[in-house]
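Worksheet for the structure shown next.
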Number of protein chains: 2
Amino acid sequence: MTLAANANGVNFRQHGPVDANRNRRTRYHHGDLRNALISAATDLARTGGPEAVVLREAARRVGVSATAAYRHFDGHGDLLHAVKLQAHAGLAASMERAAAAVPPSGDERIDTDRRFRALAHGYVAFAMAEPGLFRTGFQHEGTLRTNDSPEQVRSYSMLTEALDDLVARGLMPVSRRPLAETAAWAPMHGICLLILDGPLAQLDEAARSEAVERLIDVVMGGLCRP
Amino acid sequence: MTLAANANGVNFRQHGPVDANRNRRTRYHHGDLRNALISAATDLARTGGPEAVVLREAARRVGVSATAAYRHFDGHGDLLHAVKLQAHAGLAASMERAAAAVPPSGDERIDTDRRFRALAHGYVAFAMAEPGLFRTGFQHEGTLRTNDSPEQVRSYSMLTEALDDLVARGLMPVSRRPLAETAAWAPMHGICLLILDGPLAQLDEAARSEAVERLIDVVMGGLCRP
DNA sequence: GGGTCATGTTTACGACGTCAACATCCGGGC
DNA sequence: GCCCGGATGTTGACGTCGTAAACATGACCC
């Protein structure tokens with residue numbers, strides 16, 4: 001990873017000609033330290049979960065003194081919070097990808113059902129692929145403030161739209177629409193954590209996806225039964 | 001809290017006559033340090049969650065040097081693990097209490113249904129009453145080993161029996177029995193964490209229990225539909 | 001009654017989060 | 001073109017944490 005890489009793909013400013021001999025940061029000012037720190041901290045979370053998000057280590061990796069971070073973050077909690085936002089962004093992206101990958105079948109009712117299930121799969125897939133990030137995203141410390149994560153809003157609205165579609169296509173009775181977001185979200189969230197940190201950790205890959213499939217069936221059945 | 005108090009209610013040994021003037025531990029040997037430390041650490045978890053389980057602070061509260069803990073635990077992780085067992089014990093007790101409180105209605109089918117729902121309520125009730133302990137119980141660090149928590153086995157077998165009862169009373173088709181434990185557990189676990197650490201944290205008490213009730217209905221509907 | 005081993009204590013080390021004081025340098029006003 | 005102020009980064013220090021090594025105490029067995 002070069003120093004120029006960061007979470008948002010923003011390169012830091014170049015003032016004056018770059019010294020090719022030692023372009024690995026000799027400049028006193030970094031130029032994009034905030035993003036660089038977020039990126040480093042996110043890597044830490046990816047590898048070791050929330051406990052691994054250590055301010056000093058992130059600074060070390062960026063090649064900067066630990067206290068420099070305080071020019072851009074309120075402290076460790078604030079840095080951790082920034083990583084949580086990254087995690088939720090990844091989660092939303094995974095759900096979006098899964099839903100977008102549903103091939104049109106010609107039957108809109110079938111597609112609507114599949115898109116809803118795909119959201120659930122995308123959720124679980126992210127948790128399995130990035131357990132450290134997933135855990136960090138739902139860490140209690142530094143709980144997300146309202147309205148501070150457009151990514152979380154995005155994933156929530158994807159869910160809402162999928163549920164509305166189920167109603168629109170007549171797959172789910174309107175009477176069951178209230179609180180369906182919670183009823184759909186909680187089961188998938190729960191199974192992710194039971195697999196990552198709970199008693200389901202011992203299951204092998206096959207048993208896991210079987211359990212996930214069964215769970216989705218139960219939820220769909222409960223939500224959509226007439 | 002006196003020094004004699006501990007997780008198992010075991011008083012530590014009294015050798016020789018107790019000095020009434022300073023019975024607050026002047027003896028060199030504590031007598032029941034392991035349990036005293038677990039109790040103190042559990043209090044820390046209860047108040048502040050897993051991050052608050054600090055070995056030195058637990059030792060301080062017991063009135064003992066920090067390194068004394070190493071005579072009874074492998075280190076911080078081992079102490080935390082002991083707290084996790086306490087948490088799971090409390091969780092199982094809460095479920096058991098809730099199930100036992102179901103009043104007999106005369107109709108066994110109704111009672112079976114109510115007992116199952118009561119288990120779910122007991123699960124959530126514990127998470128709401130002891131958020132710090134609940135979080136600590138499902139902390140990744142120091143994940144429970146197989147077979148090392150009889151309490152966890154107990155709560156799991158309560159769930160298994162409740163599901164078997166649903167089948168026995170004809171409330172749930174046998175075809176839906178496989179993997180029902182996971183399908184029932186995950187939703188309740190998920191909603192607890194979404195409320196404690198996730199986006200459902202902002203809901204007031206009324207909205208929460210409504211969401212929980214709705215979730216239980218969806219799960220029951222999905223599990224039991226013919 | 002004396003030795004032994006479990007159980008506590010003291011001291012020390014490195015890592016962490018954080019604060020205060022100091023250094024560097026970018027950009028705007030003369 | 002220069003200079004100065006504020007943004008940005010560094011150094012050094014403090015208290016806390018987990019942990020290890022060396023030492024102290026005393027319960028129990030022969």
Side-chain angles (χ1 to χ4, degrees), chain A residues 3 6 10 12-19 24-38 40-41 44-45 48-83 139 141-142, chain B residues 3 6 10-19 22 24-38 40-41 44-45 48-83 139 141-142:
Chain A
L3 267 175
N6 63 56
V10 179
F12 56 89
R13 284 171 285 163
Q14 307 286 351
H15 358 73
V18 175
D19 183 346
R24 264 193 75 74
R25 170 173 164 76
T26 51
R27 292 195 303 304
Y28 191 91
H29 286 78
H30 181 283
D32 193 26
L33 185 51
R34 172 167 234 274
N35 283 320
L37 285 171
I38 292 177
L44 290 173
E51 302 88 3
V53 176
V54 169
L55 186 145
R56 292 181 97 115
E57 173 63 17
R60 217 173 285 131
R61 292 191 174 195
V62 174
V64 107
S65 75
T67 50
Y70 283 78
R71 302 296 177 191
H72 302 277
F73 300 93
D74 268 356
H76 175 259
D78 196 31
L79 176 60
L80 187 61
H81 181 259
V83 176
Q139 170 88 337
E141 220 182 350
Chain B
L3 267 175
N6 62 58
V10 179
N11 290 337
F12 57 90
R13 282 170 287 166
Q14 307 285 349
H15 357 74
V18 175
D19 182 346
R22 7 165 231 162
R24 261 194 77 73
R25 170 175 163 72
T26 50
R27 292 194 304 305
Y28 193 91
H29 285 78
H30 180 283
D32 193 27
L33 184 51
R34 172 168 233 275
N35 283 320
L37 286 171
I38 292 178
L44 291 173
E51 300 88 4
V53 177
V54 168
L55 186 146
R56 294 183 95 115
E57 174 63 17
R60 217 173 284 132
R61 292 191 175 196
V62 174
V64 105
S65 75
T67 51
Y70 283 79
R71 301 297 177 190
H72 302 278
F73 300 94
D74 268 357
H76 175 261
D78 196 31
L79 176 59
L80 186 62
H81 181 259
V83 177
Q139 172 86 337
E141 220 182 350

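Chain letters run A, B, ... following the sequence lines, proteins first, then strands; residues in each count from 1.
- The B/R71 side chain lies nearest to D/dC23 when the options are D/dC23, D/dT10, D/dT8.
- Checked against side-chain contact (heavy atoms from CB on, under 4.5 Å), A/R71 has no partners two or more places apart in sequence or in another chain.
- With sequence neighbours excluded, the residues satisfying salt bridge (Lys or Arg N to Asp or Glu O under 4.0 Å) with B/R60 are B/E57.
- Each end of the helix from C/dG1-D/dC30 to C/dC30-D/dG1 yields a helix axis from five base pairs, and these two axes differ in direction by 10° (to the nearest 10 degrees).
- The NE2-C1' distance, from A/H72 to D/dT10, rounds to 13 Å in whole Å.
- Under a 3.5 Å cut-off, the side chain of B/H72 and the backbone N or O of B/D32 do not form any donor-acceptor pair.
- The distance from atom CG of A/L33 to atom C1' of C/dC26 is 16 Å, rounded to the nearest whole Å.
- Rounding to whole angstrom units, CZ of residue A/F73 and P of C/dC19 are separated by 16 Å.
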**OP:** Give the B/S/- string for nucleotides 12-18 of chain C, one per nucleotide from 5' to 3', where a protein heavy atom under 4.0 Å of the base yields B, of only the sugar-phosphate yields S, and otherwise -.
**Re:** ----BBB

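- The two residues B/V53 and B/A45 make their nearest non-hydrogen contact at CG2-CB, 3.7 Å.
- In this view, B/E51 and A/Q139 satisfy the side-chain hydrogen bond (donor to acceptor under 3.5 Å, both in side chains) rule, not counting sequence neighbours.
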Original post:
side-chain contact (heavy atoms from CB on, under 4.5 Å) between A/L44 and A/R61: does it pass, once the steps are laid out?
Top reply: CA-CA 10 Å; A/L44 290 173; A/R61 292 191 174 195; 3.4 Å; yes

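- By the side-chain contact (heavy atoms from CB on, under 4.5 Å) test, B/F73 pairs with B/R34, B/L37, B/I38, B/D78, B/L79, B/A82, sequence neighbours left out.
- Straight-line distance from the CD atom of A/E51 to the P atom of D/dG18: 14 Å, rounded to whole Å.
- The side-chain contact (heavy atoms from CB on, under 4.5 Å) check on B/A52 picks up nothing, with sequence neighbours excluded.
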